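A short write-up of the structure that comes next.
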Amino acid sequence: MGVMATPDLKKTLLADQKAVLDWYDRNRRTLPWRAMPGQRADPYHVWLSEIMLQQTTVATVGSYFMRFIKLWPGVTDLAAAELDLVLGAWAGLGYYARARNLHACAKVVVRDFGGRFPEDEQALLGLPGIGPYTAAAIAAIAFDRHASPVDGNIERVVSRRFGITQPLPGSKPAIRAAARLLTPAARPGDFAQSLMDLGASLCSVKRPHCPACPLSRNCQGFALGIADTLPAKLAKIARPDRFGTAYLAIRRDGAVLLRRRPEKGLLGGMMEVPSTPWADKPADSGKPPFKAGWQPVSGQVEHVFTHFRLFLKVYCAHDLPQKTAVPDADCQWVMPEAIGTAALPTVMRKVLTLGGIRPLRP
DNA sequence: TACACGTGGAC
DNA sequence: TGTCCAAGTGT
């Protein structure tokens, strides 16, 4: 690990802590889930925002957070909600296991903790959807506990400050140890947020603004002129392509046939336009869900997931009779006015758009 | 440990 | 246009 807590180091760490907190007090951003200076944040707001912010930008989360706290002002309200409504409100945010775990977590907090989040990092870690980062973040930010959350921002700030050149993910233990060393006894929540704000502003991935940074005086990456190369990362693997065909059935009254995906796996529990399995090579023709006048739609849907890129051809059947039966139990007809709030992931909204349907959001 | 898991924005 | 990345977790 290479970072020893010598008396000399402790002095520089104390200086770092003060400089960072002073910077935070001068540059604190106001965010919907963040408490006013000197006040304690609402644990429900902290938890909800931390789940939404996992691998997701602040700009994207904003409107979703506001909608959620309006629909469900407290954890008890969320626990009592139908899962499908929660998935519908989450649609478009991605990583849909987060929404299912969010709902499960709310139920556990109500059932096992009387509707109050546990304050202890270890107890938080036992809740669905809460991992090491989020447990430490909630403990520090909502409850002022001495905890050191390490997210992507803090990995960058800490690896630069301590000159950790070993590539991720192997360097994670060293970075965690260094983050603990850096965390002050007082204001651990403000300190964690200040490091994240630093990582999101001055200590950016490219072109960091080191001269303006409160950590630059003791920053090894800056001193060595290698800040913008840290943290080093292992090369990534290429993203394969996959191909499929979607069948967009539209009834005379405008209702659209949608299918519920299996609980687990990709887009688990979300709705989809019925489609063929996604194959490694383009298929000539798939099998429609039922017999009708299927017409090919010109163009195709392209969508990039984390680990593959998907191309979907779309066939459309218009003007189907009201009495058209659903092909199986996972399918349902969804009226036009309900499409906007349905639990439709973005890739399926692209399919509807290509088919001439505009799934408006509320 | 390594991979599965979404999406949109920046460059 | 392609690549990288964003307040990670579950398995």
Side-chain angles (χ1 to χ4, degrees), chain A residues 29 31-34 41 45-65 87 90-102 104-105 124-142 147-157 168-170 172-173 175-176 179 189 191-201 203-207 228 231-242 261-270 272 278 302-310 343-350:
Chain A
R29 283 192 296 173
L31 297 169
W33 46 85
R34 191 172 271 184
H45 290 183
V46 173
W47 165 70
L48 180 60
S49 67
E50 290 298 343
I51 302 298
M52 288 183 165
L53 286 163
Q54 288 167 8
Q55 300 289 284
T56 309
T57 59
V58 168
T60 300
V61 164
S63 62
Y64 282 89
F65 177 84
L87 291 176
W90 195 278
L93 252 191
Y95 285 139
Y96 298 100
R98 290 186 296 170
R100 299 196 298 279
N101 285 328
L102 184 84
C105 182
L124 287 162
L125 195 52
L127 295 171
I130 296 184
Y133 162 75
T134 305
I138 296 173
I141 297 169
S148 304
V150 177
D151 72 328
N153 286 310
I154 296 179
E155 277 181 348
R156 184 166 56 255
V157 173
L168 287 168
K172 279 176 180 286
I175 292 174
R176 275 197 297 273
F191 189 77
Q193 291 180 91
S194 68
L195 289 189
M196 289 190 272
D197 282 6
L198 265 183
S201 56
C203 196
S204 49
V205 177
K206 296 170 183 171
R207 313 269 219 105
D228 63 344
K233 296 190 178 180
L234 260 24
K236 297 191 174 164
I237 53 168
R239 219 192 313 258
D241 290 340
R242 288 191 194 167
R261 291 179 62 87
E263 282 275 325
K264 303 211 170 192
L266 184 71
L267 308 175
M270 301 292 284
E272 68 177 354
W278 301 341
E302 177 182 344
H303 190 75
V304 179
F305 292 95
T306 310
H307 49 298
F308 65 93
R309 183 171 59 162
L310 178 66
L344 276 169
T346 297
V347 60
M348 291 302 154
R349 289 174 189 265
K350 288 182 181 176

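This is a predicted model, so every value here is computed, not measured. Chain A is the first sequence line, chain B the second, and so forth, proteins listed ahead of strands; every chain is numbered from 1.
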- request: Starting from P on B:dA4, measure out to CD on A:E263 and report it in whole angstrom.
  value: 21 Å
- request: Identify, with sequence neighbours excluded, every residue that meets salt bridge (Lys or Arg N to Asp or Glu O under 4.0 Å) alongside A:R29.
  value: A:D197
A:R156 side-chain N/O to C:dC5 phosphate OP1/OP2 under 4.0 Å: no
- prompt: Does OP1 or OP2 of C:dC5 have a side-chain N or O of A:K236 closer than 4.0 Å?
  reply: yes
task: Using atom CD of A:E50 as one end and atom P of C:dT9 as the other, report the distance to the nearest whole Å.
output: 9 Å
task: Figure out the CH2/P separation between A:W90 and C:dT9, and round it to whole Å.
output: 12 Å
- prompt: Tell me: CD of A:E155 to C1' of C:dA6, nearest whole Å?
  reply: 12 Å
- request: Specify the residue among A:L127 and A:G199 whose closest nucleotide of DNA chain C lies further upstream toward the 5′ end.
  value: A:G199
- prompt: Any chance the side chains of A:R34 and A:Q193 put a donor and an acceptor closer than 3.5 Å?
  reply: yes
query: NA contact type, A:P169, heavy-atom cut-off 4.0 Å: base, sugar-phosphate, or nothing?
result: nothing
query: Do A:Y133 and A:E50 have a side chain donor and acceptor closer than 3.5 Å?
result: yes
- prompt: Just how far, in rounded Å, is P of C:dT3 from CZ of A:R309?
  reply: 9 Å
- prompt: What does A:I130 touch in the nucleic acid at a heavy-atom separation under 4.0 angstrom: a base, only the sugar-phosphate, or nothing?
  reply: sugar-phosphate
statement: note: A:L168, atom CG; B:dT1, atom C1'; distance rounded to Å ~ 15 Å
- prompt: Quick one: are A:K206 and A:D228 in side-chain contact, heavy atoms under 4.5 Å?
  reply: no
query: Could you give the CG-to-P distance, from A:L53 to C:dG8, as a whole number of Å?
result: 8 Å
query: Going by atom types only, do A:R156 and A:S204 share a side-chain donor-acceptor pair under 3.5 Å?
result: no
statement: Its contact letters, B for base, S for sugar-phosphate only and - for none at protein heavy atoms under 4.0 Å, make nucleotides 5-11 of chain B read BBBS---
- prompt: Contact class for A:S49 (heavy atom, under 4.0 Å): base, sugar-phosphate, or nothing?
  reply: nothing
query: Mapping A:W33 and A:N101 onto DNA chain C by nearest heavy atom, which one lands closer to the 5' end?
result: A:W33
message: Over 60° means perpendicular and under 30° means parallel, so tell me whether A:W278 and A:F308 are parallel, tilted or perpendicular.
response: tilted
- request: Determine the contact category for A:L31: base if any of its heavy atoms lies under 4.0 Å from a base atom, sugar-phosphate if only primed atoms, P, OP1 or OP2 are that close, otherwise nothing.
  value: base
- prompt: Say you pick atom P in C:dT9 and the same atom in B:dG8; how far apart are they, in whole Å?
  reply: 22 Å
Rounded distance in Å - CZ (A:R29) to P (C:dA6): 13 Å
task: Would you mind checking if A:E302 and A:K350 are paired as a salt bridge, meaning a charged N to carboxylate O distance below 4.0 Å?
output: no
